[in-house]
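A short worksheet on the structure shown next.
Just so it is clear, the model here is predicted, and its values are computed rather than measured.
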Amino acid sequence: MLIRPATAAELPALQDIERAAGEAFRALGMDAVADDEPPPVAELERFRRAGGAWVAADERGAPLAYVLSGPLDEAAATASRCEHIEQITVHPRAARRGIGRALIDHLADRTLAQGGTALTLTTFADVPWNAPYYARIGFRPLTEAELTPALRKIRAHEAELGLDRWPRLCMRRALTPRTAP
């Protein structure tokens with residue numbers, strides 16, 4: 001598996017990955033999430049141009065998963081730089097192979113190398129492949145008091161989109177250099 005920046009030509013494939021992965025939400029009674037359209041190509045392109053769209057590709061170079069991220073402006077609150085994971089999605093045919101974790105670890109390494117101190121994300125609290133998974137790979141839930149203005153703004157936008165019909169939370173993973181085994 002190769003992790004590399006997404007290309008402009010691959011952006012429709014990222015939408016297809018999102019649609020396929022969304023189907024798993026139906027089994028949890030979250031049809032609205034499953035039916036939600038993926039980000040438009042223009043939005044994906046904005047992430048790509050900013051250096052925040054990465055794919056995990058198979059041996060033929062076809063994307064299996066992707067992550068979208070960007071800096072979270074919390075400097076005023078903590079004097080640190082965090083990278084916020086806007087979206088991470090693995091195609092169901094490639095699930096349970098560590099691809100999502102590899103993308104997150106790649107993003108963590110890049111963020112750390114650029115002077116960042118943490119990754120943040122928002123997620124569904126009770127979806128097994130969301131908050132419980134992220135907790136297993138080093139993210140911790142943030143309390144209401146720990147939310148920065150930037151995270152509060154993200155959560156308010158999610159509420160406007162109707163995502164608060166299911167419990168959601170913000171999570172953070174502190175970054176420290178990894179050592180080879």
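Taking CG from Asp126 and CH2 from Trp166, the interatomic distance works out to 12.5 Å, rounded to the nearest 0.5 Å. Considering CD1 of Ile17 and CG of Leu64, their distance stands at 7.0 Å, rounded to 0.5 Å.
For the pair Arg155 (side chain) and Leu169 (backbone), a donor-acceptor distance under 3.5 Å is absent. The closest donor-acceptor contact from the side chain of Glu59 to the backbone of Met1 lies at 3.5 Å or more, if one exists at all. Panel note: side chain Arg165, backbone Gly162; a donor-acceptor pair is recorded below 3.5 Å.
The two residues Thr7 and Arg4 have their closest heavy-atom pair at CG2-NH1, 4.2 Å.
Side-chain contact, Arg168 with Thr122: a donor N or O sits under 3.5 Å from an acceptor N or O. Between the side chains of Gln114 and Glu83, not a single donor N or O lies within less than 3.5 Å of an accepting N or O.
Side-chain contact check for Leu14 versus Phe47: every heavy-atom pair is 4.5 Å or farther apart. Within the 4.5 Å cutoff, side-chain heavy atoms of Pro141 are placed close to those of Met171.
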Can Glu10 and Tyr66 be said to form a side-chain contact (heavy atoms from CB on, under 4.5 Å), step by step?
CA-CA 10 Å; Glu10 292 171 328; Tyr66 73 96; over 6 Å; no
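Phe25 is linked by a ring pair (Phe, Tyr, Trp, His ring centres under 6.0 Å) to Phe124, Trp129, counting only residues two or more places apart in sequence or in another chain.
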